[in-house]
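Report on the following structure.
Fair warning: this is a prediction, and the values are worked out from it, not measured in the lab. Numbering of ligands and ligand atoms starts at 1, following listing order.
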Amino acid sequence: MQTLYTREEIHKRIVELGDEITKVYSPITDEIMAVCVLKGAVHFFSDLVLEIKLDVLYSFVQVSSYSGTGSTERVRVKSWLDESIYGKHILVVEDIVDTGVTLNYILGYFSKYKPATLKVATLFEKKAHRKIDVPVDFVGFEIDDKFIVGYGFDYDQRKRNLPFVGVENA
Ligand code: IMP
Ligand code: MG
């Protein structure tokens with residue numbers, strides 16, 4: 001396993017993202033609802049919300065378009081919002097935007113419920129496989145075409161709890 005980002009590097013970037021997010025929302029609201037896209041974003045979500053200096057309501061959805069290491073076109077909804085997002089400032093918190101299929105699906109549905117604003121924070125963005133040009137407002141790191149594990153990222157549900165982001169050696 002090769003470390004791509006240490007826990008310290010990830011944390012430093014999340015502090016910066018929290019500041020950026022606080023600055024963007026402060027002129028318009030003192031409360032947002034952050035929606036964690038489970039399971040991958042669990043650590044990013046919990047670290048990020050602690051760095052946002054606004055009231056943050058928590059919500060969780062579980063959606064995936066993945067099996068193993070290959071992205072498929074099918075989006076599976078495993079659990080969905082349990083309260084209204086109408087009129088709220090919604091920040092979708094994703095682990096990674098790869099093809100854009102998952103995020104595009106989420107944003108399509110969320111926009112129908114008429115939130116006041118709808119923005120996206122993702123820890124990683126991979127541009128190599130992008131199929132749908134979805135708007136992403138806050139990006140932690142851009143990465144090349146590598147399959148990462150750790151800090152929430154899995155390979156067939158394993159390795160999520162590694163305390164760093166790594167790449168399996170070829
Ligand atoms: P998309 O729909 O292709 O954008 O896929 C996004 C989802 O694929 C993410 O939420 C991740 O769960 C998963 N994914 C994409 N790239 C990786 C990776 O390098 N490691 C682990 N999971 C990944
Ligand atoms: Mg995911």
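- For Y113 and Y86, the distance between ring centers is not under 6.0 angstrom.
- If you number the atoms of ligand 1 from 1 as listed, the ones under 4.0 Å from a heavy atom of T102 come out as 1 (P), 2 (O), 5 (O), 6 (C).
- Close contacts between ligand 1 and T99 involve ligand atoms 1 (P), 2 (O), 3 (O), 4 (O) [criterion: under 4.0 Å to a heavy atom].
- Residue K146 approaches ligand 1 through these ligand atoms, each under 4.0 Å from one of its heavy atoms: 19 (O).
- Side-chain N or O atoms of T6 include one that pairs as donor or acceptor with a backbone N or O of E9 at under 3.5 Å.
- Considering backbone and side-chain atoms alike, F153 places every N or O at 3.5 Å or more from each N or O of ligand 1.
- Within the 4.0 Å heavy-atom criterion, both parts of I148, backbone and side chain, lie near ligand 1.
- Other residues, nucleotides and ligands place no more than 12 heavy atoms under 6.0 Å from the NZ atom of K12.
- At a heavy-atom distance under 4.0 Å, atoms from both the backbone and the side chain of F147 approach ligand 1.
- At most 12 non-hydrogen atoms from other residues, nucleotides or ligands lie less than 6.0 angstrom from CZ of R7.
- Of all atoms in ligand 1, numbered sequentially from 1 with element shown, those under 4.0 Å from a heavy atom of G100 are 1 (P), 3 (O), 4 (O).
- None of V61, V42, V93 except one satisfies the side chain to side chain contact (heavy atoms under 4.5 Å, CB included) rule with V37; the exception is V61.
- Ring geometry for H89 versus Y25: interplanar angle over 60°, hence perpendicular rather than tilted (30 to 60°).
- Contact annotation: for H129 versus ligand 1, there are no heavy atoms closer than 4.0 Å.
- Taking a 4.0 Å cut-off on heavy atoms, K131 fails to register as neighbouring ligand 1.
- Proximity of D154 to ligand 1 is established by a heavy-atom distance of less than 4.0 Å.
- Interface of V101 with ligand 1, defined as ligand atoms under 4.0 Å from a residue heavy atom, comprises 2 (O), 4 (O).
- Interface atoms of ligand 1 facing K126, defined by a heavy-atom separation under 4.0 Å, are 16 (N), 17 (C), 18 (C), 19 (O).
- Geometrically, K112 engages Y109 in a cation-pi contact, judged by NZ or CZ lying under 6.0 Å from the ring centre and within 45° of the ring axis.
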Derivation and outcome, salt bridge (charged side-chain N to carboxylate O under 4.0 Å, His left out), residues R160 and D154
CA-CA 5 Å; R160 288 195 198 274; D154 69 305; 3.3 Å; yes
Quick one, E31 with K88, criterion salt bridge (charged side-chain N to carboxylate O under 4.0 Å, His left out). Give me CA distance, side-chain angles, the key distance, then yes/no.
CA-CA 8 Å; E31 182 181 281; K88 296 196 174 97; over 6 Å; no
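- Remark: distances from the non-hydrogen atoms of G40 to ligand 1 are all 4.0 Å or more.
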